[in-house]
Undergrad: 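Structure incoming, see below.
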Amino acid sequence: MSAPVRVRFAPSPTGYLHVGGARTALFNWLYARHHGGKFILRIEDTDRARHNEAAVQVIYDGLRWLGLDWDEGPQAGGEFGPYFQSEREAIYQRYFDQLNAAGHLYDDGGAWRFRFQREVVEVDDLICGKVAFDFGNIEIMPDMTIRRPDGSWIFHFVNVVDDIEMQMTHVIRGEDHLSNTPKHIQLYQALGAAPPRFGHIPLILNKDGSKMSKRDQGASITSYIEAGYAPEAVLNYFCLLGWSPKDDSEILPREEIIARFDLANVNRKGAQFDLAKCDWFNSQYIQQMPMSRYLELVQPWLEKAGIYADAAALEPVLALEKMKVTHLREVPDRISFFFTEDYAFDPAAVEKSLRNPGTLERLAQLSEAYASVTPFDAPTIEAKLKELATTLAVKPAEFIHPARVAVSGRSVGPSLYHMLEVLGRDRVLARLQRTRERFAA
RNA sequence: GGCGCUAUCGUCUAGAGGCCUAGGACACUGCCCUCUCAAGGCGGGGACACGGGUUCGAAUCCCGUUAGCGCUACCA
């Protein structure tokens, strides 16, 4: 029986969480959850200049938003801490001394270099397979600096030391580290430690195949939060970048992804990022999620827009447009006219539907018919409108379009009859009345 | 330059020698449904980078070329 799985996500606090990083965290998390192991968060802030609370907070926020909970790390504790590299100085010094005592290091103008064994090192990667690297030529594989003249540490060294100290069993990281791996393996060997298993996952590229940079759309996890994505949708989309369940399913619940995830079916090819497909996942998730979850996700957006209403008032309104929403941030604008009598009239809609001769008369006729219709529900309202149209020998559209603009101020919106039902008779009649007065001149 | 990884529709992918006249999804597009906008339904166009092998047979195996990406830091 092999040791329980221990994997980690080890970001540098740069002030934002990149999709590539988030996807690396996700695959590590999935691997841990699938195997019942531990997922550890370690902050690689050796460069103290870049360390600051806000930058670290962005990482916490991004991971939590995606639902990637860590078993050990900052704010979670654990027996292998501290989990900030900036607080592990004594440990690094100890390993440095060990390496130095064994003759693996030499001083090179104040910087300390690790002397490689001049041999072939094979990496047996869980995703890429066996890859051999030849350290035979010192000219093309120079020894590696692990400590700067000012005493600060180089990534390769502290990364390996921490992985040893924290007893990582697997290192799942971006493919950009594949070429670094043989160097790390040499470090493990010099330190007398057994290397973990490695798995290098393909990189996430831009829409045009170039490397995704900070500025690119969709590059930062914060941008998903701010654009109104549902985390479950984004998580699902990210999983499918480089991993496939191997059948045609795409919308996969988190639990099923955990159950089916395996490094063996992670691709080796870099995946280009397609925000349009991410949008599709989002709209699918919104469409299918229960109203309670939808309400929860939409609430912050409503508050931001100054729309306050209790769930009982909100739910029927939200239900009208739920299947049309792509980004949660659209919601307030779609439903704002339900919560104020001072809704704005779209000039183009007014021009198109309220200015025609006889239109206001139609609204009056509709008001009269609706004053007594019972019950005031969609089917009955619809039947009544059609009956009225038939009686007056005009097309239903002669009522429908003006009525839509009259009660909502716009030409685009929910199904008219359902919208009227949710608005309720009193508000409908009042809105029709006011619209007639307003546009009477 | 050296070393490494990769190479199926525009994109994400299925495909582990015959099931492939290459399947699904997004995007695009035609039609249907329809009170608007969506959603949904039914269609359409669209790919095995190229060249050599191996084999009765290759998208699938091998070699080469080309292209993309990564590493080659006293960045992480």
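Computed over heavy atoms, backbone and side chain alike; hydrogens, waters and symmetry mates excluded. Everything quoted here is computed from the prediction, not taken from an experiment. Letters A, B, ... mirror the listed sequences (proteins, then strands); counts begin at 1.
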Undergrad: Considering only B/rU13, B/rA76, B/rG23, which nucleotide approaches the side chain of A/Phe155 most closely?
TA: B/rA76
Undergrad: Can you tell me the Watson-Crick or wobble partner of B/rU34, both distances under 3.5 angstrom?
TA: none
Undergrad: In whole angstrom, give me the gap between the P atoms of B/rG57 and B/rG1.
TA: 38 Å
Undergrad: Side chain of A/Arg268, base of B/rC5: donor and acceptor closer than 3.5 Å?
TA: no
Undergrad: Have a look at A/Asn180 and say if it touches a base, only the backbone sugar-phosphate, or nothing, with a 4.0 Å heavy-atom cut-off.
TA: base
Undergrad: What contact category does A/Phe399 fall into here, base, sugar-phosphate, or nothing, at under 4.0 angstrom with non-hydrogen atoms?
TA: nothing
Undergrad: A/Leu252 CG to B/rA14 P: how many Å, rounded?
TA: 13 Å
Undergrad: Is there a donor on the side chain of A/Lys277 or the base of B/rA27 sitting less than 3.5 Å from an acceptor on the other?
TA: no
Undergrad: B/rU11 and B/rC50: how far apart are their P atoms, nearest whole angstrom?
TA: 15 Å
Undergrad: On RNA chain B, check which nucleotide each of A/Ala111 and A/Pro414 is closest to and give me the residue with the more 5' one.
TA: A/Pro414
Undergrad: If you only use heavy atoms from C-beta on, which nucleotide in B/rU13, B/rC35, B/rG4 is closest to the side chain of A/Phe133?
TA: B/rG4
Undergrad: Calculate the interatomic distance between A/Leu275 atom CG and B/rU11 atom P; express it in whole Å.
TA: 16 Å
Undergrad: Base, sugar-phosphate or nothing for A/Gly242? Non-hydrogen atoms, less than 4.0 Å.
TA: sugar-phosphate
Undergrad: Rounded to the Å, how far apart are A/Asn236 CG and B/rC12 P?
TA: 17 Å
Undergrad: Could you tell me which nucleotide pairs with B/rC61 by Watson-Crick or G-U wobble geometry, both distances under 3.5 Å, or answer none if nothing does?
TA: B/rG53
Undergrad: Could you tell me whether A/Glu330 contacts a base, only the sugar-phosphate backbone, or nothing, with contacts defined as non-hydrogen atoms closer than 4.0 Å?
TA: nothing
Undergrad: Whole angstroms only, please: what is the NZ-P distance between A/Lys183 and B/rA76?
TA: 13 Å
Undergrad: May I ask you to check whether A/Glu232 and A/Asn236 show a side-chain donor-acceptor distance below 3.5 Å?
TA: no
Undergrad: State the pairing partner of B/rA73; accept Watson-Crick or G-U wobble contacts with both distances under 3.5 Å, and report none otherwise.
TA: none
Undergrad: Round to the nearest Å and state the distance from A/Ile204 atom CD1 to B/rU11 atom P.
TA: 16 Å
Undergrad: For A/His401 and A/Ser411, which I'm curious about, is there any donor-acceptor pair between the side chains at under 3.5 Å?
TA: no
Undergrad: To the side chain of A/Ala276, which of B/rA27, B/rC37, B/rU13 is closest?
TA: B/rA27
Undergrad: When you check the phosphate oxygens OP1 and OP2 of B/rU8, does a side-chain N or O of A/Lys269 lie under 4.0 Å from one of them?
TA: yes
Undergrad: Indicate, with a heavy-atom threshold strictly under 4.0 Å, whether A/Arg113 touches base, sugar-phosphate, or nothing.
TA: sugar-phosphate
Undergrad: Checking A/Thr380 side chain against A/Phe376 main chain: does a donor-acceptor pair fall under 3.5 Å?
TA: no
Undergrad: Which of the following nucleotides, B/rA39, B/rG70, B/rC35, is nearest to the side chain of A/Lys386?
TA: B/rC35
Undergrad: Has A/Asn265 got a side-chain atom pairing as donor or acceptor with A/Phe261's backbone, closer than 3.5 angstrom?
TA: no
Undergrad: Judged by modelled atom types alone, do A/Gln85 and A/Asp162 share a side-chain donor-acceptor pair under 3.5 Å?
TA: yes
Undergrad: Could you give the distance separating B/rU8 and B/rC48 at their P atoms, to the nearest angstrom?
TA: 11 Å
Undergrad: Counting side-chain heavy atoms from CB outward, which of B/rC35, B/rA25, B/rG40 is closest to A/Gln284?
TA: B/rG40
Undergrad: Quantified in whole Å, what is the P atom distance between nucleotide B/rG44 and nucleotide B/rG24?
TA: 10 Å
Undergrad: Hunt down the Watson-Crick or G-U wobble partner of B/rC5, both distances under 3.5 Å, from any strand shown, or write none.
TA: B/rG68
Undergrad: Tell me which nucleotide among B/rC5, B/rC74, B/rC26 gets nearest to the side chain of A/Arg148.
TA: B/rC74
Undergrad: When we call it a touch if two heavy atoms are under 4.0 Å apart, what does A/Pro149 touch: a base, just sugar-phosphate, or nothing?
TA: base
Undergrad: Which one, B/rA76, B/rG4, B/rG24, comes nearest to the side chain of A/Val131?
TA: B/rG4
Undergrad: Looking for any heavy atom pair under 4.0 Å, which part of the strands does A/Ala397 touch: base, sugar-phosphate only, or nothing?
TA: nothing
Undergrad: Does A/Ile127 or A/Ser415 map to a spot on RNA chain B nearer the 5' end, using the closest nucleotide for each?
TA: A/Ile127
Undergrad: So, does the side chain of A/Ser179 form a donor-acceptor pair with the base of B/rC3 at under 3.5 Å?
TA: no
Undergrad: For the pair made of CD in A/Gln186 and C1' in B/rU72, what is the distance, rounded to whole Å?
TA: 15 Å
Undergrad: Heavy atoms only, 4.0 Å cut-off, all strands: where does A/Thr145 land among base, sugar-phosphate and nothing?
TA: sugar-phosphate
Undergrad: Examine the side chains of A/Tyr106 and A/Asp143 and answer whether a donor and an acceptor come within less than 3.5 Å of each other.
TA: yes
Undergrad: Say you pick atom C1' in B/rG51 and the same atom in B/rC69; how far apart are they, in whole Å?
TA: 23 Å
Undergrad: Whether A/Arg404 contacts B/rC37 is assessed here as follows: a side-chain N or O lying under 4.0 Å from the phosphate OP1 or OP2. Is that the case?
TA: no
Undergrad: Taking atom types as modelled and ignoring hydrogens, do the side chains of A/Trp301 and A/Glu330 form a donor-acceptor contact shorter than 3.5 angstrom?
TA: no
Undergrad: Tell me if the side-chain of A/Asn267 makes a donor-acceptor pair with the base of B/rA7, cut-off 3.5 Å, by modelled atom types.
TA: no
Undergrad: Please determine, for the side chain of A/Ala271, which listed nucleotide (B/rG70, B/rC12, B/rA76) has the closest atom?
TA: B/rC12
Undergrad: Base, sugar-phosphate, or nothing: which does A/Glu382 touch, judged by heavy atoms less than 4.0 Å apart?
TA: nothing
Undergrad: By nearest atom, which of the nucleotides B/rC35, B/rC12, B/rC71 is closest to the A/Asp176 side chain?
TA: B/rC71
Undergrad: Hey, are A/Tyr95 and A/Glu165 close enough side-chain-wise for a donor-acceptor pair under 3.5 Å?
TA: yes
Undergrad: Under 4.0 Å, heavy atoms only, any strand: does A/Leu241 hit a base, just the sugar-phosphate, or nothing?
TA: sugar-phosphate
Undergrad: Across the strands shown, which category fits A/His177 at heavy-atom distances under 4.0 angstrom: base, sugar-phosphate, nothing?
TA: base
Undergrad: Nearest-Å distance, CE (A/Met144) to C1' (B/rA76)?
TA: 14 Å
Undergrad: Write down the partner of B/rA47 under the Watson-Crick or G-U wobble criteria, each distance required to be under 3.5 Å.
TA: none
Undergrad: What's the closest nucleotide to the side chain of A/Glu250 if the choices are B/rG24, B/rU36, B/rA76?
TA: B/rG24
Undergrad: Are A/Lys246 and B/rU13 close enough that a side-chain N or O sits under 4.0 Å from OP1 or OP2?
TA: no
Undergrad: Between B/rA14 and B/rA22, how far apart are the two C1' atoms, rounded to whole Å?
TA: 10 Å
Undergrad: A/Ile201 has an atom CD1; how far is it from atom P of B/rC5, in whole Å?
TA: 18 Å
Undergrad: Using the P atom as the reference point in each nucleotide, state the distance between B/rG53 and B/rA59 in Å, no decimals.
TA: 15 Å
Undergrad: Just name whichever nucleotide pairs with B/rA16, Watson-Crick or G-U, keeping both distances under 3.5 Å, else none.
TA: none
Undergrad: Which residue pairs pass the salt bridge (charged side-chain N to carboxylate O under 4.0 Å, His left out) test with at least one member in residues 356-368 of chain A, sequence neighbours excluded?
TA: A/Arg362-A/Glu398
Undergrad: Would you say the side chains of A/His327 and A/Asp279 form a donor-acceptor pair under 3.5 Å?
TA: yes
Undergrad: Hey, is the side chain of A/Arg410 poking within less than 4.0 Å of OP1 or OP2 on B/rU36, counting only N and O atoms?
TA: no
